[in-house]
Amino acid sequence: CRGWQPSVNAANHHTDRYANTELTVRRGQAFTITLYFNRARQNGESLGFVTEIGPSPSESHRTRAAFNLSEAVGSGWSAAQGPSDSGAVNFTISSPANAVIGRYNLSLRVTSGNQIFSRYLGQFVLLFNPWCPGDDVYMSNENERQEYVLNENGIIFVGNARYIEARGWYYGQFQDLLNICLTMLDLSLYYRQDPAMDVSRRGDPKYVGRVISSMINGNDNDNGVLLGKWQGSFHSHENPSRWDGSVVILKKWRQDNYRPVQYGQCWVFAGVMCTVLRCLGIPTRLVSNFNSAHDVDRNLSIDKYYDSSGRSLNIGKDSTWDYHVWNESWFIRPDLGRSYSGWQVLDATPQEQSRGIFQCGPASVLAIKEGEVDLDYDTLFVYSEVNADCNRWIVYNDGTKKRIYCDTEIIGRSISTKAVGSNGRVDVTANYKYPEGSAEERRVYKKALAKIFGSSVTEGRTDAPEGRSSETMRNPGIAGKFKLAEPPVFGKDINLILVLNNLTSDRKSVRVDMSASTILYTRRAVAEVLKAATSVELGPKQGKHIRVKIPYSHYGRYLTTDKRIQVTALCEVMRSHGLKLLVEKTIILEDTNIIIKLPRRVVVNRAVTLEISYANPLPEPVSRCVLLVTLMNQQVKINLARLAPRERSKIFFEFTPRRAGPLQLQVDFSCDKFSHVKGFVTIAVARA
C-alpha cells in the first residue's frame with residue numbers, strides 16, 4: 001500500500017490549490033510518500049524506484065529513471081528512506097530541476113541477488129518550479145511568483161494609446177484544468193510527428209511555450225483551442241467579446257472532443273495561453289501593445305492606403321491594430337546566451353506562420369530591444385510589431401501610388417501590463433525599445449534593417465509597393481489635427497473640430513476631403529458613415545477650425561462591439577503640384593459605465609449583497625436585456641426588463657465567498673441594440 005501525503009506535499013510545492021486529486025509536485029524539490037510493507041526487508045535486498053513518462057520511456061531520452069535508495073545516478077533522480085513506524089516507511093524522492101514535466105508512472109523496485117521485482121505504485125504530475133534556483137523558470141521575487149504563477153485574476157489593457165481601458169479576465173489555472181493542459185501537449189503536431197522526442201523535450205520551457213502557442217489557435221488542423229474571427233457575423237457561435245475568462249473556453253474545448261471553440265481574438269488567445277502556462281508552472285503575464293504593427297512582408301515598414309478623397313482602403317497585407325495582446329513568460333535562454341534570459345514573448349494569435357505552423361516565440365524581450373532580429377524565435381516579427389515605420393499612400397484612379405507621409409514613432413506605444421499585487425497599469429515600453437526619436441532607437445532600427453537586407457541598406461527605405469516608383473515626400477506647409485469638442489459617448493452625436501494651421505508666410509487655399517468609417521480594433525473599415533468636402537482659405541501663419549458632426553443616427557447601426565470610428569481628412573494645398581496632408585483620428589465611444597457598489601467589508605463564508613447598476617445610453621428604447629454576472633468560473637444569467645431611452649436601472653446580487661483573498665466579479669450587459677458592455681471589480685475577501 002502507499003500514501004501520497006497530498007496535503008503536506010501540496011503545501012510544500014505550492015500546488016495546494018489545484019482541483020485535481022492526484023499528487024502534483026514541482027521539479028527540483030523533494031516530495032514524500034509512505035509505503036506500507038507486509039514483511040520486513042530481508043538481508044541482501046535493496047530498494048529503488050523507477051519513474052517513467054510518455055509512450056516510449058527511455059534513459060537516453062531522460063523519460064525513464066531507475067535509482068536505488070541513497071544512490072546518486074546520472075539522471076538526477078534520487079530517493080532516501082525516512083523514519084518508519086510499524087510497517088509504514090517514509091521515502092523522500094527528489095527530481096532534477098530540469099526534469100521533463102507531465103504525468104509520471106512510479107514503481108517500486110526490489111532487488112534480491114539476481115532477481116528484480118517491480119510493483120506499480122501509481123501516478124504523479126511534475127510541474128515547472130519557479131521556486132527552485134536550478135529551474136530554468138526560477139523567479140527570485142516572491143511577490144512576482146504570487147502574481148505570475150499563483151494569481152487566478154487578471155487585467156487586460158485594451159482601447160488605444162490615448163484611451164486605455166482595463167478589462168477583467170479570470171485565468172482560473174487551478175480550476176480542474178491540469179489534465180486539459182497536459183492533453184493539449186499530446187494533441188500537438190510536435191507530438192504527432194515524434195511522440196518520444198516531443199515528450200523528452202518537455203523539460204525545456206522555451207519548447208513547451210512554443211508548442212502551447214501553436215495549440216491555443218486551431219489554424220493548423222491540430223485540435224487547437226480557439227478559432228479566430230475578426231469580421232462578419234458570429235451567428236450561433238460566441239462573439240469574442242463575450243468571454244470573461246479561460247476556464248469555460250478550455251472546458252468547452254474538452255467537452256466538444258477538442259474541436260476549436262468559436263471564436264477568439266487576440267486578448268482571448270493571450271488569456272487562455274496565460275492560464276495554460278501558469279497551470280504548468282511557467283511564470284506568465286499579458287502584455288498589450290498599442291498601435292501594434294502586423295508587418296506581413298517583413299521589411300520593417302507598414303503601408304496604409306487611402307483613395308484620393310482620404311477614404312481608408314482595405315488593400316495591402318500590412319496592418320496596424322489599435323492594440324494587440326500577447327504573453328511574456330519568464331525563463332532563461334541558454335541557447336542565446338544568459339544576457340537574453342528573462343521575459344520572453346509568446347503569441348498564440350494566428351497572424352503569420354513560423355516554420356510552417358501558426359506559432360510565435362519565444363522571442364527574448366532584450367533581443368527585441370537590441371534589434372537582434374535574427375535570433376530565435378520570431379524576433380523579427382515582434383520587433384516590427386513595436387518598432388516598424390508607418391507609410392501612408394494615396395492611390396489614384398489610374399492605380400499609381402504616392403507616399404505622402406512616413407511616421408517613425410507611431411508604432412509601439414504605451415506597452416502595458418498589470419502591476420504586481422494590484423490592478424494598476426505598468427508601462428513596459430522601455431523594455432522593448434529605446435525612446436522614440438533617440439539616437440539609440442535609430443541605431444537599433446538600422447541594425448535590424450541591415451540584418452534583414454544586408455549591410456548596404458540604409459534607413460528610410462521609400463520603395464513603393466509592387467515595384468512602382470514613388471515621389472519624394474515634400475512638406476505641404478500646413479499642419480492639422482482633429483480635436484474632440486466633447487467626450488464621445490455611445491448613443492450621442494460626435495462633435496469634432498479639424499484644426500488647420502498655415503505654417504508659412506504665404507496664403508494657401510486648401511481643399512479638404514473628409515471621411516469617417518466604423519472600424520474594428522484591427523482598424524479594418526466596416527462601413528462609411530460620413531463623407532464631406534469643403535475648402536478653406538488660410539492667410540499667412542493663420543489657423544482655422546472646421547467643425548465636423550457625426551450623428552448617432554448615421555453611425556449607430558454600423559458599430560461593432562469595438563465601438564470605434566476612424567475619421568480622416570485629406571487636405572490638398574491648391575496650386576502646389578499635389579502637396580497633401582493626411583489627418584487621422586480613431587475615436588473610441590465611451591460606454592455608460594456599469595457601476596458595482598460593494599459593502600465596506602466582505603468576509604469569507606458570509607453572504608454579501610452587491611448593487612449593480614446598468615444603463616441604456618441610446619435615444620431609443622432597448623429590449624431583450626440580459627446581465628451576466630461571473631464569479632470565478634460560475635456564471636449567473638439575469639433577464640431584465642426593457643429600458644426606456646437614457647434610462648438607468650439596478651439589481652441587487654447576493655453571493656457567499658468561500659475563500660479568502662482577491663476575488664474578481666465580472667458583469668456583462670447586452671440588449672437588442674448593443675452587446676457586451678463590461679464592468680468588473682476585484683473584491684478583497686477577508687478571513688472570518
Side-chain angles (χ1 to χ4, degrees), residues 161-162 291 301-313 320 388-398 400-411 413 435-439 441-442 445 458-465 468-485 495-516 530-550 566-587:
R162 296 178 181 273
N291 293 345
S301 177
I302 301 301
D303 298 300
K304 177 72 175 165
Y305 301 95
Y306 304 82
D307 68 14
S308 56
S309 62
R311 186 166 57 95
S312 177
L313 299 174
T320 304
D389 287 350
C390 188
N391 294 307
R392 292 181 171 89
W393 302 80
I394 298 296
V395 182
Y396 294 99
N397 293 335
D398 63 359
T400 59
K401 300 176 175 71
K402 178 181 178 182
R403 189 172 76 140
I404 59 167
Y405 189 58
C406 176
D407 193 327
T408 63
E409 299 184 5
I410 192 69
I411 299 297
R413 293 284 184 89
E436 289 289 358
S438 68
E441 188 268 335
R442 285 290 97 183
Y445 187 84
T458 59
E459 147 184 39
R461 292 162 55 85
T462 59
D463 359 350
R468 296 183 183 270
S469 62
S470 66
E471 301 176 35
T472 303
M473 292 182 299
R474 290 181 294 150
N475 190 330
I478 59 173
K481 66 177 180 178
F482 279 112
K483 292 173 62 176
L484 286 162
N495 291 294
L496 290 151
I497 299 169
L498 174 62
V499 181
L500 287 179
N501 288 297
N502 184 355
L503 304 178
T504 72
S505 300
D506 302 320
R507 178 175 294 277
K508 293 186 184 294
S509 298
V510 182
R511 174 182 167 84
V512 181
D513 287 290
M514 278 181 284
S515 173
L530 173 77
K531 189 174 178 65
T534 188
S535 295
V536 62
E537 295 291 327
L538 294 176
K541 302 289 186 180
Q542 185 184 19
K544 284 195 175 177
H545 290 188
I546 302 170
R547 295 194 170 271
V548 184
K549 182 177 182 176
I550 309 173
Q566 187 173 59
V567 188
T568 60
L570 186 62
C571 308
E572 182 176 4
V573 180
M574 309 308 290
R575 300 180 297 279
S576 67
H577 306 289
L579 288 181
K580 291 181 171 69
L581 170 75
L582 182 70
V583 185
E584 196 170 48
K585 185 177 185 66
T586 298
I587 301 165

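For the single chain, residues carry numbers from 1 onward in sequence order.
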Taking atom NZ of K483 as the centre, report whether more than 12 heavy atoms of other residues, nucleotides or ligands fall under 6.0 Å from it. no

For E572, what residues pass the salt bridge (charged side-chain N to carboxylate O under 4.0 Å, His left out) criterion, not counting sequence neighbours? K580

Please list, chain by chain and in numerical order, all residues satisfying side-chain hydrogen bond (donor to acceptor under 3.5 Å, both in side chains) with [X], sequence neighbours excluded.
| X | answer |
| --- | --- |
| K481 | none |
| S312 | K304 |
| R311 | D307 |
| E436 | K433 |

When rounded to the nearest 0.5 angstrom, what distance separates [atom1] in [X] from [atom2] in [Y]?
| X | Y | atom1 | atom2 | value |
| --- | --- | --- | --- | --- |
| I587 | L484 | CD1 | CG | 5.0 Å |
| L570 | I394 | CG | CD1 | 4.5 Å |
| L579 | C571 | CG | SG | 12.5 Å |
| Y305 | K401 | OH | NZ | 6.0 Å |
| D303 | C406 | CG | SG | 9.5 Å |

Side chain to side chain contact (heavy atoms under 4.5 Å, CB included) assessment of Y405 paired with L582: CA-CA 8 Å; Y405 189 58; L582 182 70; 5.7 Å; no

Sub-4.5 Å side-chain heavy-atom contact between L530 and V548: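 Yes, close enough: below the 4.5 Å cut-off.
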
Residue pair R547 / N495, side-chain heavy-atom distance below 4.5 Å: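 No - every pair of side-chain heavy atoms lies 4.5 Å or more apart.
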
Intermediate values then yes/no, side-chain hydrogen bond (donor to acceptor under 3.5 Å, both in side chains), R413 and N291: CA-CA 6 Å; R413 293 284 184 89; N291 293 345; over 6 Å; no

Take Y306 and I404 through the side chain to side chain contact (heavy atoms under 4.5 Å, CB included) test and state the conclusion after the steps. CA-CA 10 Å; Y306 304 82; I404 59 167; 5.8 Å; no

With side chain to side chain contact (heavy atoms under 4.5 Å, CB included) as the criterion, how do D407 and R392 come out once you've worked through the C-alpha distance, each side chain's angles and the decisive distance to 0.1 Å? CA-CA 8 Å; D407 193 327; R392 292 181 171 89; 4.3 Å; yes

Of all heavy-atom pairs between L581 and G480, which one has the smallest distance, and what is that distance?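 Between these two residues, the closest heavy atoms are CD2-N, 3.5 Å.
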
Heavy-atom closest pair, residues R403 and W393: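 Distance-wise, the nearest heavy atoms are N-CE3, 3.3 Å.
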
Would E441 and T408 count as a side chain to side chain contact (heavy atoms under 4.5 Å, CB included) if you check the C-alpha gap in whole Å, the side-chain angles of each, and the deciding distance to 0.1 Å? CA-CA 10 Å; E441 188 268 335; T408 63; 5.8 Å; no

Side-chain donor-acceptor distances from residues 496-506 under 3.5 Å, at least two apart:
residue, atom, partner, partner atom, Å
N502, OD1, T504, N, 2.9
N502, OD1, T504, OG1, 2.9
N502, ND2, D506, O, 2.6
N502, ND2, G539, O, 2.9
T504, OG1, D506, N, 3.2
T504, OG1, D506, O, 3.4

Which pairs of donor and acceptor atoms, one on a side chain in residues 508-516, lie under 3.5 Å apart (sequence neighbours left out)?
residue, atom, partner, partner atom, Å
S509, OG, E537, OE1, 2.8
S509, OG, E537, OE2, 2.8
S509, OG, R575, NH2, 3.4
R511, NE, D513, OD2, 3.2
R511, NH2, D513, OD1, 3.0
S515, OG, E528, OE2, 3.0

